[in-house]
K.L.:
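Sharing a structure with you now.
Quick caveat: nothing in here was measured; it's all calculated off a predicted structure.
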Protein chains: 2
Amino acid sequence: MNAGADKFPSESNLNERLAHSGLRLTPQRQQVHEVLREKMDHPTADQVFMRAKSKMPEISMATVYNCLDALVQCGMVRQVTLDRGATRYCPNMQDHSHFYCDECGSVYDILQTITPEDSDIKLPRGFRLKNIETNLHGLCPDCASKAK
Amino acid sequence: MNAGADKFPSESNLNERLAHSGLRLTPQRQQVHEVLREKMDHPTADQVFMRAKSKMPEISMATVYNCLDALVQCGMVRQVTLDRGATRYCPNMQDHSHFYCDECGSVYDILQTITPEDSDIKLPRGFRLKNIETNLHGLCPDCASKAK
DNA sequence: ACCCATATTTAGAATAATTCTAAATCTTGA
DNA sequence: TCAAGATTTAGAATTATTCTAAATATGGGT
Ligand SMILES: [Mn+2]
Ligand SMILES: [Mn+2]
Ligand SMILES: [Zn+2]
Ligand SMILES: [Zn+2]
């Protein structure tokens with residue numbers, strides 16, 4: 001029983017996490033999660049839709065949005081908003097920050113980040129801090145060399 | 001000559017900065033800048049449009065976007081993208097970060113931030129870092145007390 | 001002051017991104 | 001087996017942003 005489970009080491013985890021947020025594990029949520037993990041980049045909802053559709057042709061755009069929201073809500077995916085234009089989704093739940101190239105719009109994971117602790121940020125009374133998002137802006141290697 | 005210049009201490013600066021980026025000072029750019037500074041909040045382009053329109057009824061939405069882009073480009077306004085939905089604009093050019101309430105969507109300036117220096121972030125070869133954007137996520141005092 | 005080249009503004013259309021709606025389908029637990 | 005509730009679906013609707021092409025404004029050189 002449970003054959004192939006080790007092919008997708010994160011799947012049991014996915015179920016647990018969804019359940020923890022009162023959400024069910026569905027084939028669509030699994031699929032969306034899977035296409036995100038297959039290619040660890042930062043696709044838009046539309047790109048996720050196209051990838052998921054190629055494996056599950058009946059899936060709809062609304063469902064992709066629903067699934068992405070569910071996965072974000074239960075902490076399996078991060079939502080990344082770096083500019084005007086479509087929101088991106090990041091399946092890497094390690095602590096990391098994002099480098100955004102203001103020139104070409106590409107996004108890179110940077111495996112360093114600032115945690116609520118080592119930032120000595122003091123918030124006014126009453127605020128409850130959940131997490132810190134750090135976005136690095138600048139030029140990617142390609143654009144930097146072209147800019148010269 | 002130059003009567004009233006001290007009423008708008010930032011205006012000469014605005015002209016200089018626009019010029020520095022090869023942009024002209026126009027009544028519309030002045031107006032957009034002014035409505036942003038009058039109320040130091042984080043309005044969407046649409047809200048800026050409505051405020052500017054009340055003082056300059058002929059201004060168009062396309063112009064508001066153009067002006068906001070010009071002001072961002074020359075460093076007089078910051079673009080703030082915190083979630084899906086409309087981009088916000090911040091006229092406070094002091095170093096600061098943004099607190100975003102994930103519950104109600106309100107935005108607060110937090111007068112502390114992480115600079116490229118005091119972050120010991122090391123980027124892979126070739127990246128050129130321009131600035132670090134820090135977004136604090138959590139609950140605002142109102143929502144935190146309701147959540148209890 | 002007049003002219004030109006260029007920058008900017010404008011309304012509206014077009015596109016892109018996201019949300020909503022209501023009906024169909026699935027799941028779970030009595 | 002049944003009912004309640006969750007989820008998915010297609011498509012319409014809404015919202016946000018960008019594009020287009022024509023009109024207007026501006027600044028520099030005469
Ligand atoms: Mn990432
Ligand atoms: Mn601000
Ligand atoms: Zn680049
Ligand atoms: Zn709130």
Side-chain angles (χ1 to χ4, degrees), chain A residues 14-35 42-53 55-74 76-77 79-89 102 105 107, chain B residues 14-35 42-53 55-74 76-77 79-89 102 105 107:
Chain A
L14 173 57
N15 191 2
E16 281 167 38
R17 280 185 167 277
L18 284 167
H20 189 266
S21 299
L23 299 163
R24 293 178 182 165
L25 178 59
T26 67
Q28 290 84 351
R29 286 174 180 165
Q30 239 171 268
Q31 186 59 235
V32 165
H33 188 232
E34 209 169 304
V35 300
H42 299 87
T44 62
D46 199 62
Q47 294 172 315
V48 172
F49 175 55
M50 291 187 297
R51 293 181 198 175
K53 200 178 174 67
K55 301 200 171 179
M56 188 185 259
E58 344 68 53
I59 201 170
S60 80
M61 192 69 210
T63 298
V64 168
Y65 273 104
N66 290 344
C67 291
L68 288 170
D69 286 347
L71 294 171
V72 168
Q73 199 185 124
C74 76
M76 289 304 278
V77 165
Q79 209 178 20
V80 182
T81 54
L82 290 163
D83 205 352
R84 257 152 35 185
T87 297
R88 294 160 173 281
Y89 297 86
D102 289 318
V107 179
Chain B
L14 173 57
N15 191 1
E16 280 167 36
R17 281 186 167 276
L18 283 167
H20 189 268
S21 300
L23 299 164
R24 291 179 184 167
L25 178 60
T26 66
Q28 290 84 350
R29 286 173 180 167
Q30 240 170 267
Q31 186 58 235
V32 165
H33 188 233
E34 210 169 304
V35 301
H42 299 86
T44 61
D46 199 63
Q47 293 171 315
V48 172
F49 175 55
M50 292 186 300
R51 293 181 198 174
K53 200 178 175 67
K55 301 201 169 177
M56 188 184 259
E58 342 70 53
I59 201 171
S60 80
M61 191 68 208
T63 298
V64 168
Y65 272 104
N66 290 343
C67 290
L68 288 170
D69 286 346
L71 294 171
V72 168
Q73 198 185 126
C74 76
M76 290 304 279
V77 166
Q79 209 178 20
V80 182
T81 53
L82 290 163
D83 204 351
R84 258 152 34 185
T87 297
R88 295 160 172 283
Y89 297 86
D102 289 317
V107 179

K.L.:
Of A:Y65 and B:I59, whose closest DNA chain C nucleotide lies nearer the 5' terminus?
P.N.:
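Closer to the 5' end of DNA chain C: B:I59.
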K.L.:
Does A:A62 reach a base, just sugar-phosphate, or nothing at all? Heavy atoms under 4.0 Å.
P.N.:
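Contact class for A:A62: base.
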K.L.:
Specify the residues of residues 42-49 of chain B, ordered by number, for which at least one heavy atom lies under 4.0 angstrom from an atom of DNA chain C.
P.N.:
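Nucleic-acid contacts, sorted: none.
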K.L.:
Toward the 5' end of DNA chain D, which comes first, B:R24 or B:G85, by nearest nucleotide?
P.N.:
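Of the two residues, B:G85 wins.
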K.L.:
Rounded to the Å, how far apart are A:M56 CE and D:dT7 C1'?
P.N.:
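Between C1' of D:dT7 and CE of A:M56: 13 Å.
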K.L.:
Return the minimal non-hydrogen interatomic distance between B:I59 and B:F49, and the atom names on each side.
P.N.:
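Heavy-atom minimum between the residues: O-CE1, 3.3 Å.
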K.L.:
Nearest-nucleotide wise, let me know which of B:P27 and B:R84 is further upstream toward the 5' end of DNA chain C.
P.N.:
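Comparing both residues, the 5'-ward one is B:P27.
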K.L.:
Between A:P43 and A:V48, what is the shortest heavy-atom contact and its length?
P.N.:
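The pair with the smallest heavy-atom distance is CG-CG2, 3.7 Å.
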K.L.:
Of all heavy-atom pairs between A:A70 and A:L23, which one has the smallest distance, and what is that distance?
P.N.:
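For A:A70 versus A:L23, the nearest heavy atoms are O-CD1, 3.9 Å.
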K.L.:
Please determine whether side-chain contact (heavy atoms from CB on, under 4.5 Å) holds for the pair B:M61 and B:D46, giving the CA-CA distance in whole Å, both sets of side-chain angles, and the decisive distance to 0.1 Å.
P.N.:
CA-CA 8 Å; B:M61 191 68 208; B:D46 199 63; 4.3 Å; yes
K.L.:
Between B:R29 (CZ) and D:dA25 (P), how many Å, whole number?
P.N.:
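Result: 15 Å.
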K.L.:
Could you go through A:L68 and A:Q79, starting from their C-alpha distance and side-chain angles, then the distance that decides it, and tell me whether this counts as side-chain contact (heavy atoms from CB on, under 4.5 Å)?
P.N.:
CA-CA 9 Å; A:L68 288 170; A:Q79 209 178 20; over 6 Å; no
K.L.:
Looking only at heavy atoms, what is the nearest atom pair of B:L25 and B:L14, with distance?
P.N.:
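So the minimum-distance heavy-atom pair works out to CD1-CD2, 3.8 Å.
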K.L.:
Considering only heavy atoms of chain B and a distance under 4.0 Å, specify the first and last nucleotide of DNA chain C in 5' to 3' order that meet this criterion.
P.N.:
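Under 4.0 Å from chain B, the extent on DNA chain C is C:dA7 to C:dT19.
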K.L.:
Could you give the CG-to-C1' distance, from B:L18 to D:dG27, as a whole number of Å?
P.N.:
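It works out to 15 Å between those atoms.
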K.L.:
Between B:R88 (CZ) and D:dT17 (C1'), how many Å, whole number?
P.N.:
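Atom CZ in B:R88 sits about 16 Å away from atom C1' in D:dT17.
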K.L.:
Whole Å only: how far is the CD atom of A:Q30 from the P atom of D:dT8?
P.N.:
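That distance rounds to 11 Å.
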K.L.:
When you check the phosphate oxygens OP1 and OP2 of D:dT8, does a side-chain N or O of A:T26 lie under 4.0 Å from one of them?
P.N.:
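Looking at the OP1 and OP2 atoms of D:dT8, one of them is under 4.0 Å from a side-chain N or O of A:T26.
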K.L.:
Round to the nearest Å and state the distance from A:L71 atom CG to D:dT7 atom P.
P.N.:
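Answer to the nearest Å: 12 Å.
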K.L.:
If you compare all heavy atoms of B:H42 against all heavy atoms of B:Q47, which two are closest, and at what distance to 0.1 Å?
P.N.:
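Minimum heavy-atom separation between B:H42 and B:Q47: O-OE1, 4.4 Å.
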K.L.:
Please answer whether the main-chain N or O of B:L71 pairs with a side-chain N or O of B:R29 as donor and acceptor at a distance below 3.5 Å.
P.N.:
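Between the backbone of B:L71 and the side chain of B:R29 there is no qualifying donor-acceptor contact (under 3.5 Å).
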K.L.:
Work out which heavy atom in B:S21 is nearest to a heavy atom in B:Q73; give both atom names and the distance.
P.N.:
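For B:S21 versus B:Q73, the nearest heavy atoms are OG-O, 4.0 Å.
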